Amino acid sequence: MGLFGVKKDSQSEKRSEHSINSVELDQLFSILVINSNHDIVYVNEQFTADFGYQSSALENQSINKIIAKDLHQEFETDFWNKSIVHKFSGSIEVQKKSKKFVVCRLKVAQKENGHYWLLFDTPKKDDETYSNLKESMDLHLELINSSPDIICFKDGAGRWLLANQADLELFHLVGVDYLGKTDRDLADFTHDIYKESFLNCMATDENCWNQKSLSRSDEYIKKLDGSSIIFDVIKIPIFKEDGSRKNLIVLGRDVTARRKAESELVNAMKKAEESDKLKSNFLATMSHELRTPLNAVIGFSDLIFDEEDINEIHDYSRIINNNSKVLLNLIEDIFDVSLIESDQIEIANTEFDLIRSMKEVYEIFPVELNKLGKHNIDFKIILPLDSYMFKGDEFRLKQIITNLLRNALKFTKEGFIHLKLAVFDHYLDISVEDSGIGISEDMKLKIFESFRQVEEGYTRSFNGAGLGLAISKKLAIMMQGNMMVESQLGKGSTFTLRIFLDKKN
Ligand code: ADP
């Protein structure tokens, strides 16, 4: 049907009123003509073809009937007045007869006899625009989806509007219709393990809204296999002009490996600092431990030259001898450490009577107690058997017990020191129990490391290089055993050497 009086029907006269002198216009555009009340008075064929309405269905109806009013609130009645005056040209949505809305370009083209010409781009052209738009949208989505980082857009109420593949995969939400759902809702659509992450996420969203600016934090997400991953999460709040919440953009990157590397670096740095500190402590301790007996040796050997009294000379040579032994012990300890460190110690496996051996060690100590004037110590050996044949390294076993008893003696002023043996089915315990100064909880493990002492540095009140326990523990392990300590500060300690018995022996 032509607009320009081509079709001769009852309305043709009326239509000819609105005719314009361009036939092409009629073919190029869908055209409506409205009167000053905004009622449709004319519908061209192209409009019927494009939008599906017969002219009889629209004529005398208000133009607002086919415009998506709720989508374009500015389309008040007033709009048409303004559009007409200003010769509006722009995009609007028109509802087709099929109820589908299509975006069209509208041009208010001409005013004639109090009537207005509304020229719409045909939906075909709009479809093209639409498909261009869709193509560009698809491109954006592809871009967002190809990101290995998680991307999520939420509205002001925390409802998901768009989430990329990485985000959906992370929370096992692929295939879930997430649109319009909040984190709390979505927690019900995936494994329970993610519930906590969703709740945390809601809390950090809220913080971000309150903070009114970009926020960044590490978020921990538990995975199905029980491990945890760390995400560096950036949240960007967007507000409407009136200050109310509009959108929240959430971006997150898996930084688990990075954080692990960072913490390894920090630990390595701490270790390096600690080892520096240990080295200085070791040098301080060693120079003290070497200098004290050496000074005694040099000092008393100097005195001997001028001394004529034979008794004095005997005393001096005894002191020189004792201090030389201390020096030798220290050197032997250092030698043992280096042998252990370089895996050069061999553990013997010969049969001996453990009871006899323990008694031999025990018997040296009453003399030492006397020498130190520690008469208030109840020093006992408690053995369950008269003899016990054992296969192992007698020399190293004696070395460990001697070391434990020496420490007990050094750190106990009064009370008791007990050397005990307890034999069980699969292992035996040799323990040294004392009522000495005790060891704090945090030092209990450290004292088994080389050169570690409860008191470190120049201001120590007890002698020793901090090697005895490290050597003893390593020897114990080489003997298929272990060494443990129980202690209470101020009350005393019990060091136990446990050796597992090989029934084949
Ligand atoms: P050293 O006795 O030469 O310092 P050790 O390795 O034998 O070296 O002991 C390390 C540290 O453990 C000691 O310096 C001391 O601080 C603590 N220690 C060892 N035995 C005892 C004990 N029986 N009571 C209290 N502290 C002890």
Side-chain angles (χ1 to χ4, degrees), residues 274 277-293 323 325-341 361-362 365 368-369 372 374 376-381 396-420 429-478 482-497:
E274 174 111 327
K277 206 176 130 211
L278 273 179
K279 250 188 252 162
S280 330
N281 277 341
F282 168 65
L283 289 177
T285 309
M286 271 315 195
S287 55
H288 174 78
E289 290 304 310
L290 287 169
R291 205 179 310 146
T292 314
N323 279 285
K325 280 184 189 154
V326 170
L327 272 175
L328 187 66
N329 274 341
L330 183 62
I331 289 163
E332 274 172 355
D333 272 358
I334 293 175
F335 189 58
D336 272 350
V337 169
S338 68
L339 281 183
I340 292 172
E341 297 287 327
V361 177
Y362 167 75
F365 279 87
E368 298 225 6
L369 273 170
L372 293 169
K374 294 192 173 178
N376 300 335
I377 293 179
D378 168 34
F379 184 54
K380 260 204 279 209
I381 181 165
R396 294 297 177 189
L397 205 96
K398 277 180 159 179
Q399 182 182 353
I400 296 173
I401 303 171
T402 310
N403 181 44
L404 295 183
L405 285 174
R406 267 219 173 102
N407 278 346
L409 202 65
K410 184 157 56 171
F411 297 106
T412 309
K413 224 168 150 188
E414 54 189 16
F416 64 87
I417 297 173
H418 294 162
L419 169 62
K420 287 186 190 167
D429 279 351
I430 300 172
S431 49
V432 174
E433 215 176 310
D434 69 48
S435 58
I437 60 171
I439 301 157
S440 65
E441 204 55 43
D442 61 320
M443 284 309 290
K444 273 187 192 167
L445 281 179
K446 292 191 177 148
I447 53 169
F448 289 105
E449 293 169 22
S450 298
F451 311 116
R452 296 304 301 260
Q453 296 167 311
V454 173
E455 282 188 304
E456 287 172 345
Y458 293 97
T459 54
R460 294 178 311 123
S461 23
F462 298 97
N463 290 334
L467 291 174
L469 286 180
I471 294 171
S472 301
K473 174 134 188 157
K474 278 174 184 151
L475 288 175
I477 291 167
M478 291 174 90
N482 205 351
M483 175 151 292
M484 295 90 73
V485 62
E486 282 169 44
S487 187
Q488 246 187 308
L489 213 54
K491 295 232 161 111
S493 320
T494 302
F495 282 86
T496 302
L497 164 67

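In each ligand, atom 1 is the first atom listed, and ligand 1 is the first ligand listed. In this text, all values refer to a predicted model and were calculated from it rather than measured experimentally.
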(message) I'd like to check whether Leu469 has a polar contact with ligand 1, where a contact means an N/O of the residue lying under 3.5 Å from an N/O of the ligand.
(response) yes
Here the atoms of ligand 1 under 4.0 Å from any heavy atom belonging to Ser493 are 24 (N)
For Lys413, the side chain to side chain donor-acceptor pair (under 3.5 Å) test, sequence neighbours excluded, returns none
Flag side-chain contact, heavy atom, 4.5 Å: Phe379 against Leu409: no
Heavy-atom proximity to atom 7 (O) of ligand 1 ranks first, among Asn329, Asn407, Thr412, Ile437, for Asn407
Contacts of Leu328 meeting side chain to side chain contact (heavy atoms under 4.5 Å, CB included) (sequence neighbours excluded), chain-then-number -> Glu332
Looking only at non-hydrogen atoms, the one of Leu409, Ile447, Asp434, Leu404 nearest atom 17 (C) of ligand 1 is Ile447
- Should Lys446 and Glu449 be marked as a salt bridge (Lys or Arg N to Asp or Glu O under 4.0 Å) after you check the CA-CA gap, both sets of side-chain angles, and the distance that decides it? CA-CA 5 Å; Lys446 292 191 177 148; Glu449 293 169 22; over 6 Å; no
Query raised in the report: So, Asp336 and Arg396, do they make that salt bridge, N to O below 4.0 Å?
Result: yes
Honestly, for Lys410 the part within reach of ligand 1 (heavy atoms, under 4.0 Å) is side chain
For Asp429 and Ser431, does a side-chain donor sit closer than 3.5 Å to a side-chain acceptor? no
Checking heavy atoms under 4.0 Å, the part of Leu467 that sits near ligand 1 is backbone
Practice prompt. Measure the distances from the heavy atoms of Phe448 to every atom of ligand 1 and state whether one is below 4.0 angstrom.
Written response: no
